[in-house]
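Order of the sequence lines sets the chain letters (A, B, ...), proteins ahead of strands, with each chain counted from 1. Keep in mind that what you see is a predicted model, and the values were worked out from it rather than measured.
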There are 2 protein chains.
Amino acid sequence: MEKAADLRVIRTRKLIDEAFLSLVEEKGLAGVNVRSLTAKAGINRGTFYLHYQDIYDLMDKIEDQIIEEMDRLPVRSEPEQLLTSGYVEEPFPSIVEFIRFMNEQHRFFAIFFAQDGTAFGKRLKALIRSRMYEKLPRQVLSPDALSVPDEYIVAYFSSAHFGVIRHWFETGRILPPEQVALILTRLVRDGPLMTAFNRKPEQQLK
Amino acid sequence: MEKAADLRVIRTRKLIDEAFLSLVEEKGLAGVNVRSLTAKAGINRGTFYLHYQDIYDLMDKIEDQIIEEMDRLPVRSEPEQLLTSGYVEEPFPSIVEFIRFMNEQHRFFAIFFAQDGTAFGKRLKALIRSRMYEKLPRQVLSPDALSVPDEYIVAYFSSAHFGVIRHWFETGRILPPEQVALILTRLVRDGPLMTAFNRKPEQQLK
DNA sequence: TTCATAAATCAACATAATGTTCATTATTTG
DNA sequence: CAAATAATGAACATTATGTTGATTTATGAA
């Protein structure tokens, strides 16, 4: 946002922003158009075009702000020592920072997550998820302090698989399917960090 | 697809399907409308409405077919024994099946992956990815037969994180941010399978 | 406080897509 | 072949878009 000198400009943009958020919340992205947005904001339809090219331009500007802020979050490197170091029950610091930020901006992110992904994508993920649940060794998931909720494990699993397959597609499916499957199998079995270090499990502890 | 008796019906639907695919390929999902679709298919605009309610109905029908087929793929259970069993360099069988299927239907899935996710989602993932690359212990990624390409590791990492955070949002952000960060940290460090079994690494080998 | 400046309003417009209709033509199947 | 039904073509009301120009209103600098 370049200029924001005039009070009227600030007010109008606030009205537009708020109208956009609440409109997406109730109707979804597809339900947003300039007509209803300006109606909800209580401004003239023409006024909208004084500020933004169209709805997509508006979204871009909103997203720009969020990305900018996230990009400014400090990076504290937590390199390989965490692998070989003993068991410390503390999260990586920069992960905490990210999640805290998203928690603060939860209104935006809730909308984003609700809108992100196609209908088919949701069905596909649900399918993958349900298959994985069948395989999860349920009895071992003891409810002790150290355990991670199994819904989170499944979310991690399925999303990771999804991402690997997506990457395979986005790189033009160069690798043969069997190799992709092997990559996935290794990552699941050993964990990404182990795999990155290319060690076998018995080498994990120095 | 219920009825497909008449030759004309079959022909028309094929034309529509093909027109849809190629139209999405060149213009993207947003660029598809009934006008241009029927123009490309070489049929009357009214004819489209004889078969589908609207564009979304058409997409639903196409997706239904794919999901149905994937749902019929055989599930071969590969349970916990894989954890304790020795190092076998063979992928899990049902993973192979899935990826083979997607490879066969690559035209559909290429479109899906290209269209899936919002613009913001792509930016967010790119941000996460770039941060993770910084942390990857590059020198250790030796180019031996066992290694997994680091782009795949990053894809796995970042997508998994994304999925966990998404799950957190979709369950109403009940857990405090710090605990989500801890869950992620554990999953990254130990791998999902270890975490599911709730063991510490030294217990990994029986 | 005044007043030039800029923002917002209002009404109107052309354009383009939607979904529906109905009479007509063409094709298929038994 | 003939009855059935699919596809066509043209028209229609509806709705959203993005733009324009004249007018009113609010702002902030002097």
Side-chain angles (χ1 to χ4, degrees), chain A residues 1-65 111 115 118-120, chain B residues 1-65 111 115 118-120:
Chain A
M1 294 288 112
E2 323 82 17
K3 307 208 121 194
D6 202 311
L7 281 188
R8 291 167 295 183
V9 173
I10 296 172
R11 190 174 59 96
T12 299
R13 289 201 178 148
K14 254 206 181 77
L15 287 171
I16 291 177
D17 275 16
E18 173 56 35
F20 177 76
L21 286 178
S22 73
L23 205 53
V24 178
E25 278 167 358
E26 64 182 63
K27 309 259 190 191
L29 257 197
V32 178
N33 55 24
V34 180
R35 263 188 126 66
S36 43
L37 183 129
T38 50
K40 167 151 275 177
I43 61 171
N44 192 272
R45 196 163 62 88
T47 306
F48 176 86
Y49 292 104
L50 256 37
H51 293 272
Y52 304 102
Q53 303 240 323
D54 51 30
I55 290 287
Y56 298 105
D57 186 40
L58 167 62
M59 295 197 300
D60 284 349
K61 300 289 166 58
I62 293 176
E63 292 170 1
D64 282 350
Q65 270 183 275
I111 286 176
Q115 301 304 322
T118 61
F120 178 79
Chain B
M1 294 290 114
E2 323 80 18
K3 307 208 121 190
D6 201 310
L7 281 187
R8 290 167 295 183
V9 173
I10 296 172
R11 189 174 59 95
T12 299
R13 290 203 178 147
K14 253 206 181 77
L15 287 171
I16 291 177
D17 275 16
E18 174 55 36
F20 177 77
L21 286 177
S22 74
L23 205 54
V24 178
E25 277 166 358
E26 65 182 61
K27 309 260 188 188
L29 257 198
V32 178
N33 55 23
V34 179
R35 265 187 124 68
S36 44
L37 183 129
T38 51
K40 167 151 276 176
I43 62 171
N44 190 273
R45 196 162 62 87
T47 305
F48 176 86
Y49 292 104
L50 257 36
H51 295 271
Y52 303 100
Q53 303 242 322
D54 50 32
I55 290 287
Y56 298 105
D57 186 39
L58 167 63
M59 295 197 299
D60 284 349
K61 300 289 166 57
I62 294 175
E63 292 170 1
D64 282 349
Q65 270 182 276
I111 286 177
Q115 300 303 322
T118 60
F120 178 78

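- Heavy-atom contacts from other residues, nucleotides or ligands closer than 6.0 Å to CD of B:Gln53 number 12 or fewer.
- In this view, B:Arg35 satisfies the salt bridge (charged side-chain N to carboxylate O under 4.0 Å, His left out) rule with no residue, not counting sequence neighbours.
- Residues passing the salt bridge (charged side-chain N to carboxylate O under 4.0 Å, His left out) test with A:Arg11, sequence neighbours excluded: none.
- At D:dA6, none of the side-chain N or O atoms of B:Thr47 fall inside 4.0 Å of OP1 or OP2 (strictly under the cut-off).
- Here the closest non-hydrogen pair linking A:Val24 and A:Val32 is CG2-CG2, 3.6 Å.
- A:Ser36 is linked by a side-chain hydrogen bond (donor to acceptor under 3.5 Å, both in side chains) to A:Asn33, counting only residues two or more places apart in sequence or in another chain.
- In this structure, CD1 on A:Ile55 lies 11.5 Å from CG on A:Asp60, to the nearest 0.5 angstrom.
- In terms of heavy-atom proximity, A:Thr38 sits nearest to A:Val34 at OG1-O, 2.8 Å.
- Minimum interatomic distance between B:Ser22 and B:Lys40 (heavy atoms only, all atoms of both residues): OG-CD, 3.3 Å.
- In the 5' to 3' direction, nucleotides of DNA chain C lying under 4.0 Å from heavy atoms of chain B begin and end at C:dA17 to C:dT29.
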| request: Would you give a per-nucleotide map of nucleotides 23-30 of chain D, 5' to 3', where B means the base has a protein non-hydrogen atom under 4.0 Å away, S means only the sugar-phosphate does, and - means neither? | output: --BBSS--
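- Checked against side-chain hydrogen bond (donor to acceptor under 3.5 Å, both in side chains), B:Thr118 has the following partners two or more places apart in sequence or in another chain: A:Asp116.
- Within residues 17-24 of chain B, no residue approaches DNA chain D, by heavy-atom distance under 4.0 Å.
- Expressed to the nearest 0.5 Å, how far CD1 of A:Ile111 lies from CZ of B:Phe120 amounts to 11.5 Å.
- Note: NZ (B:Lys14) to P (D:dA6) measures 17 Å, nearest angstrom.
- For the atom pair A:Met59 CE and A:Lys61 NZ, the distance stands at 12.0 Å (nearest 0.5 Å).
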Could you tabulate the donor-acceptor pairs under 3.5 Å formed by side-chain atoms of residues 14-21 of chain A, not counting sequence neighbours?
from    : atom 1 : to       : atom 2 : distance (Å)
A:Glu18 : OE1    : A:Arg107 : NH1    : 3.1
A:Glu18 : OE2    : A:Arg107 : NH2    : 3.2

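- Remark: B:Asp54 pairs with B:Tyr56, B:Asp57 by the side-chain contact (heavy atoms from CB on, under 4.5 Å) rule, at least two apart or across chains.
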Do any side-chain atoms of residues 42-51 of chain A form donor-acceptor pairs under 3.5 angstrom with protein atoms, and if so which ones, sequence neighbours left out?
from    : atom 1 : to      : atom 2 : distance (Å)
A:Asn44 : OD1    : A:Gly46 : N      : 2.9
A:Thr47 : OG1    : A:Asn44 : O      : 3.4
A:His51 : ND1    : A:Arg13 : NE     : 3.2

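- Side-chain nitrogen and oxygen atoms of B:His51 include at least one within less than 4.0 Å of the OP1 or OP2 phosphate oxygen of D:dA7.
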| said: Can you build the contact string for nucleotides 13-20 of chain D? Use B for base contact, S for sugar-phosphate-only contact, and - for no protein heavy atom under 4.0 Å. | reply: ---SBBB-
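- End-to-end axis angle of the helix from C:dT1-D:dA30 to C:dG30-D:dC1, using five pairs per end and rounding to 10°, comes to 40°.
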